[in-house]
Amino acid sequence: DTEVTQTPKHLVMGMTNKKSLKCEQHMGHRAMYWYKQKAKKPPELMFVYSYEKLSINESVPSRFSPECPNSSLLNLHLHALQPEDSALYLCASSQDLVMGVSGNTIYFGEGSWLTVV
Amino acid sequence: AQKITQTQPGMFVQEKEAVTLDCTYDTSDPSYGLFWYKQPSSGEMIFLIYQGSYDQQNATEGRYSLNFQKARKSANLVISASQLGDSAMYFCAMREVNTNAGKSTFGDGTTLTVKP
């Protein structure tokens, strides 16, 4: 079983709705990630938090707003989304942001399937 | 620039046989890590195996092994004794040690279908 848990598993929202995706990890990891994945494509990095501070924003539209309330939690707030934002959203975590010569595996959650109608 | 190439969009294998999924990479960083992930249709991205660029031996994890050929810049995944539950999409990924902190490069993936 994955140690990165995401809720909800499925979400359908209208273009005027406000919703949030939630992610939790209890591995003591200090880096947490949001990825977006379209069908049959590799995941695309959206945001990275390191020690609860936003380290990377891959030029993501402002209708996606990340939040890291503490070292175990990561949220993605959604507002005024477009149908093309429908995708699988994957949360992930790793021990640290830096790769390191001994390895620093990124572990993913089960994902949240988002449909924007 | 870092790049991962997976040249097999789809692969078929008979149950109980072995299969090799190809992955080649390119990077200018002398230190890096290579990862394989499995993604069933349910969506979860499952970590399978890791190989560091300085590791002398090929990584193994149960039925998974990584055929690492550094000079050829290849990191092929070998799955032995395939099972029906191995049917999934498989991604090869790379992270660099000295550059691009926090960023992974993924290949386009290979869809593996195990036939009974």
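Naming: A, B, ... by sequence-line order, numbering from 1 per chain.
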Centroid-centroid distance, B:Tyr37 to A:Phe108, less than 6.0 Å: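 Aromatic pair counts; centres sit under 6.0 Å.
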Mind listing the closest non-hydrogen atom pair of [X] and [Y] along with its distance?
X	Y	result
B:Met45	A:Leu90	CE-CD1, 4.2 Å
A:Pro42	B:Gly107	CB-O, 3.3 Å
B:Phe35	A:Asn104	CZ-O, 4.2 Å
B:Arg95	A:Val98	NH2-C, 4.3 Å

Proximal component of A:Ser50, with respect to chain B [non-hydrogen, under 4.5 Å]: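 Contact with chain B involves no heavy atom of A:Ser50 at all.
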Chain B contact via A:Gln37 - side chain, backbone, both or neither, heavy atoms under 4.5 Å: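 Just its side chain gets close to chain B.
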Most contacts with chain A, counted as non-hydrogen pairs under 4.5 angstrom, among B:Ala101, B:Ser42, B:Gly109, B:Gly102: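 Result: the option with the highest number of such pairs is B:Gly102.
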Distance in Å, B:Glu44 CD paired with A:Lys9 NZ, rounded so as to fall on 0.5 Å steps: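 Taking CD in B:Glu44 and NZ in A:Lys9, the distance rounds to 7.0 Å.
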Approximate separation, where rounding is to 0.5 Å, of B:Tyr50 OH and A:Thr105 OG1: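 Rounded to the nearest 0.5 Å, the OH-OG1 separation comes to 7.5 Å.
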Report yes or no: do [X] and [Y] belong to one cluster of Ile/Leu/Val/Met/Phe/Trp/Tyr joined by side chain heavy-atom distances under 4.5 Å?
X	Y	result
B:Leu112	B:Leu66	yes
B:Met94	B:Phe68	yes
A:Val116	A:Met46	yes
B:Val13	B:Tyr64	yes

Residues, nucleotides or ligands: over 12 heavy atoms within 6.0 Å of A:Met27 CE: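 More than 12 heavy atoms, drawn from other residues, nucleotides or ligands, come within 6.0 Å of this atom.
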Working for side-chain contact (heavy atoms from CB on, under 4.5 Å), residues A:Met99 and B:Ser104: CA-CA 10 Å; A:Met99 172 61 192; B:Ser104 299; over 6 Å; no
Main-chain N/O of B:Gly43 paired with A:Trp113 side-chain donor or acceptor, under 3.5 Å: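 Checking the backbone N and O of B:Gly43 against the side chain of A:Trp113, no donor-acceptor pair under 3.5 Å is found.
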Residues from residues 74-93 of chain B approaching chain A under 4.5 Å (heavy atoms):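 Only B:Met89, B:Phe91 of residues 74-93 of chain B have a heavy atom under 4.5 Å from chain A.
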Heavy-atom side-chain contact between B:Gln39 and A:Leu88 under 4.5 Å: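 Contact flag for B:Gln39/A:Leu88 side chains = yes.
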Side chain / backbone / both / neither for B:Ser41 at chain A, heavy atoms under 4.5 Å: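 Backbone of B:Ser41 only, per the 4.5 Å heavy-atom cut-off to chain A.
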Close approach to chain B in residues 51-61 of chain A, criterion heavy atom under 4.5 Å: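 Hits under 4.5 Å: A:Ile56, A:Glu58.
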Steps toward side-chain contact (heavy atoms from CB on, under 4.5 Å) verdict (A:Lys41, B:Asp108): CA-CA 6 Å; A:Lys41 296 291 186 183; B:Asp108 288 337; 6.0 Å; no
